[in-house]
Amino acid sequence: MARVTLTNLVKAYGAHVAVKGINLDIADKSFVALVGPSGCGKSTTLRMIAGLETVSWGEISIAGKVVNEVSSRSRGVAMVFQSYALYPHMSVRSNLSFGLRIAGVAKTEVDRRVAVATEILELGPYMERRPSQLSGGQRQRVAMGRAIVREPQVFLFDEPLSNLDAKLRHQMRVEIKKLHRRLQNTVIYVTHDQVEAMTLADQIVIMRDGLIEQAGTPAEVFQHPANKFVAGFIGAPQMNFFAGTVTEAGQIRLRGLERALDVVPGRFDMPRAGAPVTVGLRPEHIVPQDHGLTPKNPIRFEAEVLLSEALGNETLITSSIGAEEFVTRMLDPRDVADGERMSFALDTDRIHLFDPETERSLRKGSDN
Amino acid sequence: MTVQVPFDLSQLDFAAIAQKERARNRTSPWIVVLSVLLALLWVAPFYYLMVSIFKSPEEYAGSSPFALPEGITPVWANIVDAWTTANMAQGFANSALYGVVGASVAVFIAALAAHGLARFQFNGKTFWFMLIFAGTVFPFQMYLIPLFFTYQQMGIINTKFGMILFYTAVCIPFPVLVLRNYMSQISTEMDEAARMDGCSEFRLFLNIVLPNCWSPMAALFLLQFTWIWNDLLFSTVLSQSTDVRSIMSALQVFQGGYASTSPVVVLTASLIASLPTVVLFLALRKTFLRGISISAG
Amino acid sequence: MSAEDLAAIVPAEMGRADRVARRRNARTALAFMVPALVLVLGFLLMPVVMNVWFSFTKWKRFQGFNEWAGIDNYEKLVGSVNFAAAFQNTVIWVVASLILPVVLGLSLALLLRNMRFEETAKTIFFLPRILAPTAVGVIWYYVYAPDGILNNTLSLFGLPDDVGWLYQDNTITYAIIVTFVWQMVGLPMVLLLLGLAALPKDPIEAAKMDGATPFQVFTNITLPLLSPTILIVVILSVLAGFTAFDHIWVMGTSFPGKKSLSLTVYMYYEGFSNNAWGFASAIAVVLGLIVLAITWVQAIVQDRVDRMLK
């Protein structure tokens, strides 16, 4: 049972607290992604789990055992580093077998495990080469092979794909997912790229400033973000935010929009009438001229196109309601001219509401 | 999966945590003890030097070499004794002359050569560089007799001019190596712009390339100056009289007569002779050490 | 002119223009190199050639020159007892300077990195290098004196305290070597500190995760990655030890067998005490050949090390 539990985990460097007390329970065999902007503490957390950083407070337990004082090699973890961290003076074969050799594992066993890793990662042709003779993707695979060979309970990935180009990154994402299915270990994966997190993980943990903002399945964090930060972090292009006011009738009025927005009854803890509220709408839920999913309860309005970015399969259109800009996606696009006046349909069923001060989601039942 | 019980940070004692961290990272006491021991061992000869120069010959002979001096007044007598016996005034003057002129001219000439090697594209660059660098390959013993003989024939033996010539020559190859590497990293675009402006090659070197090289040149000057100042072999071989010999040769006056002159005087003389370079080093430590890392890198 | 004609001429023209430019560059560059070349050729390279020539003559200073002796001097060398002794001592010097500065320098670097007094330590251990070998020789001469601080310290520990370090055959070379290492270790230490600081940290962390003990990390990862620096240090030390002169001359001055303390002093005494210039030149040539051999070995090993890390 390779379950990992973090309890009140804190990391302080003198006066600076990088990780401010996080609690996380990671189930066996699950793929958990830690995402967040730089400096949020995700790498520090990972390194504490790995044993490369000491724990200032709190507990880390792996497979039921508290491992705070246990050395890295006895924790049953293996790590894939962002910079691959291969041994430059050793061949691929030696890189893979190094850990086992110095632990005194029998040669037959070493060879067996190396052969398994080589087969999974298709490293056969490169076994005698040095890291400097390999491409970035190949080095990445060797780094993963080194981790596989240890047959750990938990795999730790520290932004493994950031140094690769976009196409390679996509390929490797697929490889990693396949690897997880095949090996069935627990994986803790740190990245700043939310696309990677969304596509790979069973559970996403979004961190900011040393704290966990939300943890859940990709669908959960996408559809029910716990706060404005998560809402804006997950999903690209980013969710649009507007400043609104609650009307007497329980609707939301946006400045610049004639009609007030209806709110799905019973879904939100509405503030009292007259109070401000932050409204969030994803780009795909403001539909330009019916080039997109047709909303069930639309509010139509017209606005001028400020900017259009043609991506081929869709065009991103920047426009504004009143003084607030928003971005929307035009599927199956046609040519758009800057300054063109366009009609948009706003899907009121899909709005998110956030408290303007605490930024918490106002959706009933959201856990935060 | 998630348990988001808010954690109250304020209940933590950060000072205690920081202290525990420091304690964990503190280098093992054994290492500290060992390091201090080794440092003391290294400093011991300096300690010996410093306590001895403040003793009079009688005091030294009568007490343990470790003992602290009774007062500082004997040092003046020692200094005078050392200075006059070894004719240090002349030695100082000579070494200063050789060091300053030799090192600066050598570094300048080396800069010229490095400029030629680093900033022009032509065939056979490596050959010329190796030729200059070959000057560092051979042991000094191979120069002694030929130079002595040639100097004699040319009448420049035992002359200040002859000494300066030699010191300059010998201090050229190494700076060429360092400056060549350094200069090849300076972009050549300014050269091209200057040439189009009609600037002569020498002016280009003087006004554009050279000002960018003060840092390594200063470090090299210090290194070469120290080498010249510390030289014993060539000063002894290529010059015979005290008005030409360097300060280190001046110290030789005590050699063989160690028994007759009190150690305190000889030690004082050594200290005085070493003072300029030591002071330079302590004051300009960073420049020195940078010079080392440039040359090794 | 047709297109084909043009295409035929242009490459040659371009090539020619390039060559002309290169020749002009060469002339200018050489102009800059002239002072250096003149001085180096005259003072550092010509003497070597002359030395080789002298070594084949039966030349005694103050007497006639130009008596060709063929390889007589070399034969005499091989048969000379002094030479054998000097050679043996020089071998001891080479072995000592091969091992001691590196081991000591590495130990110091390992001890001192990450310590708060790293800067002070660097100064303490590097300062001796700034001193003149002459001054160092003089100071240590008294350290080794029968009533000097070394014997005094030994007596504190109850060890024999009356050894004449610089007067006995079996101790003098080692005593001078200690002085030499004392002075020289600062440079290996600084270079190794720099090398250690420049090591990539990730493979070392990966080795930790791979289960290596600190010792295993050191032997399998740190040392191999440090080997280029170690090689530089070894070569510098060996050459310094092989060509050591000042210390030996100053400290061995009262020693009856001073001629054979090393090949370097041997050459000096033969040349300037005995005035046997031809013979001394031969010794110098032998010295030069060995230095060349060491440099050559270094180039090979360096290449091998580079290849290992590439």
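Quick note: numbers below take in every heavy atom, side chains included, and nothing from hydrogens, waters or symmetry partners. In the text below, chain A, chain B and the rest are named by the order of the sequence lines, each starting its count at 1.
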Please look at [X] and chain B and tell me whether the side chain, the backbone, both or neither of the residue comes under 4.5 angstrom of a heavy atom of that chain.
X: C/Thr153; answer: both
X: C/Val285; answer: both
X: C/Ile149; answer: both
X: C/Ala121; answer: neither

Working to the nearest 0.5 angstrom, can you tell me the gap between [X] [atom1] and [Y] [atom2]?
X: B/Leu131; Y: C/Leu45; atom1: CG; atom2: CG; result: 5.5 Å
X: B/Leu267; Y: C/Ile139; atom1: CG; atom2: CD1; result: 6.5 Å
X: C/Thr28; Y: B/Phe122; atom1: OG1; atom2: CZ; result: 9.5 Å
X: B/Met142; Y: C/Leu289; atom1: CE; atom2: CG; result: 7.0 Å
X: C/Ile130; Y: B/Trp229; atom1: CD1; atom2: CH2; result: 14.0 Å

When only pairs under 4.5 Å are counted, which of [options] shares the most heavy-atom pairs with chain C?
options: B/Leu275, B/Leu144, B/Val278, B/Ile247; result: B/Leu144
options: B/Ser274, B/Ala114, B/Gly135, B/Ala134; result: B/Gly135
options: B/Leu233, B/Val137, B/Leu49; result: B/Leu233
options: B/Phe166, B/Phe148, B/Trp227; result: B/Phe148

For the candidates [options], which exhibits the highest count of non-hydrogen atom pairs separated by less than 4.5 Å from chain B?
options: C/Pro133, C/Ala280, C/Gly271, C/Pro128; result: C/Pro128
options: C/Phe32, C/Trp277, C/Phe272; result: C/Phe32
options: C/Thr295, C/Leu236, C/Leu127; result: C/Leu127
options: C/Leu108, C/Val185, C/Thr134; result: C/Thr134
options: C/Val52, C/Leu287, C/Leu150; result: C/Leu287

Of all the heavy-atom pairs spanning [X] and [Y], show the shortest one and how long it is.
X: C/Trp140; Y: B/Pro45; result: CZ2-CG, 3.6 Å
X: B/Pro146; Y: C/Met50; result: CB-CB, 3.9 Å
X: B/Ala113; Y: C/Met33; result: O-CG, 3.8 Å
X: C/Leu30; Y: B/Trp128; result: CD2-CE2, 3.7 Å
X: C/Val40; Y: B/Pro173; result: CG2-CG, 4.3 Å
X: C/Leu104; Y: B/Trp42; result: CD2-CH2, 3.5 Å

Measuring heavy-atom distances to chain C, does [X] have an atom under 4.5 Å in its side chain, in its backbone, in both, or in neither?
X: B/Thr236; value: side chain
X: B/Leu232; value: both
X: B/Phe205; value: side chain
X: B/Thr150; value: side chain
X: B/Tyr151; value: side chain

Can you confirm whether [X] sits close enough to [Y] that some side-chain heavy atom of one is under 4.5 Å from a side-chain heavy atom of the other?
X: B/Val237; Y: C/Tyr268; answer: yes
X: C/Leu131; Y: B/Thr277; answer: no
X: C/Phe43; Y: B/Leu147; answer: yes
X: B/Leu165; Y: C/Leu39; answer: yes
X: B/Leu112; Y: C/Pro35; answer: yes
X: B/Phe138; Y: C/Leu292; answer: yes

Who passes salt bridge (Lys or Arg N to Asp or Glu O under 4.0 Å) against C/Arg129, sequence neighbours left out?
->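 Residues passing salt bridge (Lys or Arg N to Asp or Glu O under 4.0 Å) with C/Arg129: none at all.
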Does B/Arg195 CZ have over 12 foreign heavy atoms under 6.0 Å away?
->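 Yes.
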Is a side-chain N or O of C/Asn51 found less than 3.5 angstrom from the main chain of B/Ile145, in a donor-acceptor match?
->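 A pair under 3.5 Å: no.
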Would you call the rings of B/Phe46 and C/Trp182 parallel, tilted or perpendicular if under 30° counts as parallel and over 60° as perpendicular?
->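 It falls in the tilted class, 30° to 60°.
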Is there a side-chain contact (heavy atoms from CB on, under 4.5 Å) between C/Leu110 and B/Ile31 once you walk through the steps?
-> CA-CA 10 Å; C/Leu110 289 172; B/Ile31 294 191; over 6 Å; no
Would you please indicate if the ring centroids of C/Tyr142 and B/Tyr48 are separated by under 6.0 Å?
->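 No, the ring of C/Tyr142 stays outside the 6.0 Å limit from the ring of B/Tyr48, centre to centre.
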Expected list for residues 237-249 of chain C: side-chain donor-acceptor pairs under 3.5 angstrom, two or more places apart:
| residue | atom | partner | partner atom | Å |
| --- | --- | --- | --- | --- |
| C/Ser237 | OG | C/Val233 | O | 2.8 |
| C/Thr243 | OG1 | C/Leu239 | O | 2.7 |
| C/His247 | NE2 | C/Gln183 | OE1 | 2.5 |
| C/Trp249 | NE1 | C/Tyr269 | OH | 3.2 |

